[in-house]
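Since the structure comes first, as structure tokens, the remarks are kept for the end.
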Amino acid sequence: MKLYDSMLYPRETSQRYVVDLCGYWNFKIDKEHNGRGDGWQNGLDESILMAVPSSFNDVFTEKKIRDFAGDVWYERAFYVPEEWKEKNLEIRFGSATHKAEVWINGHEMGKHKGGFMPFAAKLNDIVKFGEPNIIVVAVSNLLDFTTLPLGRIEMLSDGRQIVLPHFDFFNYAGLHRAVKLVVTPIERVEDITVVTDIQGTDGIIEYDIETSGESDVHVEVYDEDGELVGESSGKRSEIVIEDAKLWCPGNAYLYKLKVKIVNVCEVVDEYYLNVGIRTVEVKGNRFLINNEPFYFKGFGKHEDCEYHGRGFNPVVALRDFELLDWINANSVRTSHYPYAEEFYQLADRKGIVIIDEVAAVGFQAVMNAVDKSVFEEEIVHSETLEYHKLEVERLIKRDKNHPSVVMWCLTNEPDSKNPHSEKYFEEIYAHGRTLDAQNRPLTYANFMYIKFEECKLHQFVDVIGLNRYWGWYEKPGEQFVDAMESFKNDLEEFSTPGKPIIFFEYGADTMSGVHKLPSVTFSEEYQVEFLDAYHKMFDDFDNVIGEQVWNFADFQTTEGPLRVDGNKKGIFTRTRQPKQAAFTLRNRWKKIGDNHKS
Ligand code: BDP
């Protein structure tokens, strides 16, 4: 038995059923690290309840539980009716952070590594029809130099182990996304790849479909009014949509691509995909969407909210899209990991542009004062590299068809000064270039302490992403004027013809409600002044084609002297209310529009 990647989003159609297994599961923390030895894989005794999806951490009141490092176990029963005997039966996890091992009715189903990607187990040979089936999942939150993100384990003097993340967000863990029983026909659609193009007023949808059999494939395209506007047959073909309505930022239009597998006049499978017709290209110092220069306005985000932690929360996701609309943002970077699939579906629907990031964060030494670069570790050059490539493959396979996704970010703030990093990233980016049928541009987020001439990575990307905190971590407060001088030099050095720059991060920690005249660091006034100065700089550089503030909202981090109950660089509070700077951004972004500098 094996767990395997499951990238096609589960949908209900005339031939497919989806049973949601979310809600309260039985739950147990493996404090002694001996759950397997004690037979927990057969079922959990003396368990408590845990909500799925959710992080487990913030449900409890005990610090030792919140910060527990090791396995947490989940269990529940589910039923499969006899009439599904002739179907393909799978159990699918939207994500389990960071590693999972699954048993069904005591049988080991396999292991999965990677906390942000969907995977599944095949049930047909294991399931008892019409009787309760027990599923048990052990989820580990441990990190090392071969996981993404990177982290380390430390032993405390009382014998407990804790995780030291190499990154600035709380290491939330658990079953973070929906668990579903997915029922599909034996002969079924397994993958779809779509590439769109624009020719005059026509839209072209090129598709490539993988199925598990040899029966005929029929494809129909419907517009938003449900009218049939194009069709074709065969697993690979092209459909021309006359007078196509394009998918544009802020003005999304989605066609429905309906795929049917037909066996002698009988429909044996049916699946659909929402398709936006749009093109993406980097040309000179411009990023073109539908052949028009696009200026990115928005945020780096996190999947983070009270109580749920990193667990997908549909209400918060909707609220976030409302706020993006209110503030006149047009884009988001999924810092620092791939988000829940539903997030991209909302972005497709609402016309928000996404820069999609793999969880390659923590490739440096600073966060936890390790005195050598991770690139000095042999293991990073072999095991981590291979795994990083796999995660890039998974990201692109899962998200390739979203019109909202316009660029792939393959790492955040690595130690790209280290000589070993060059070969490492050469391989990562070369591999990334082979994977996307749409050939979307590649990018990275540069760490502010690595200068242009020292950085070994920008040579491999199409767009340079900069994370900058001049006037915050360097020369804050009264020294701000000098900070801006350093910033200007820094930006001049990074200005390279043909490689436009997007600011992926800039921001200042700000305590909501703290007001001060004149401003001081942490006050709402300082955040406004900080952003104003940065915006002036961006407007002076023609090659800067985007600004994404760090962060959309305040978020939880590991405790420490630099953090006041988390990172407070949010433009909104953690409960999604505006700080003063939200109004500054709202005005600016309304004024400059989506085609600033075109
Ligand atoms: C950058 C990181 C981001 C941090 C941010 C900060 O990319 O994850 O949260 O700085 O310090 O280094 O606020």
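Just follow the structure's listing: the first ligand is 1, and inside any ligand the first atom is 1. In what follows, every heavy atom counts, from backbone to side chain, and hydrogens, waters and symmetry copies are set aside.
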Exercise for the section: Below 4.0 Å from any atom of ligand 1, which residues have a heavy atom? Give them in chain and number order, please. Expected result: D168, H336, N412, E413, N467, Y469, Y473, E505, W550, F555, R563, N567, K569
Handout entry: Y506 and H535 aromatic ring geometry - parallel, tilted or perpendicular at 30°/60° bounds
Key = perpendicular
Which residues satisfy the salt bridge (Lys or Arg N to Asp or Glu O under 4.0 Å) test with [X], sequence neighbours excluded?
| X | answer |
| --- | --- |
| D304 | R574 |
| K283 | none |
| R563 | D168, D509 |

Problem - Cation-pi, F494 ring and R468 (6.0 angstrom, 45 degrees) - result: yes
Handout entry: Salt bridge R394-E391, side-chain N to carboxylate O under 4.0 Å
Key = yes
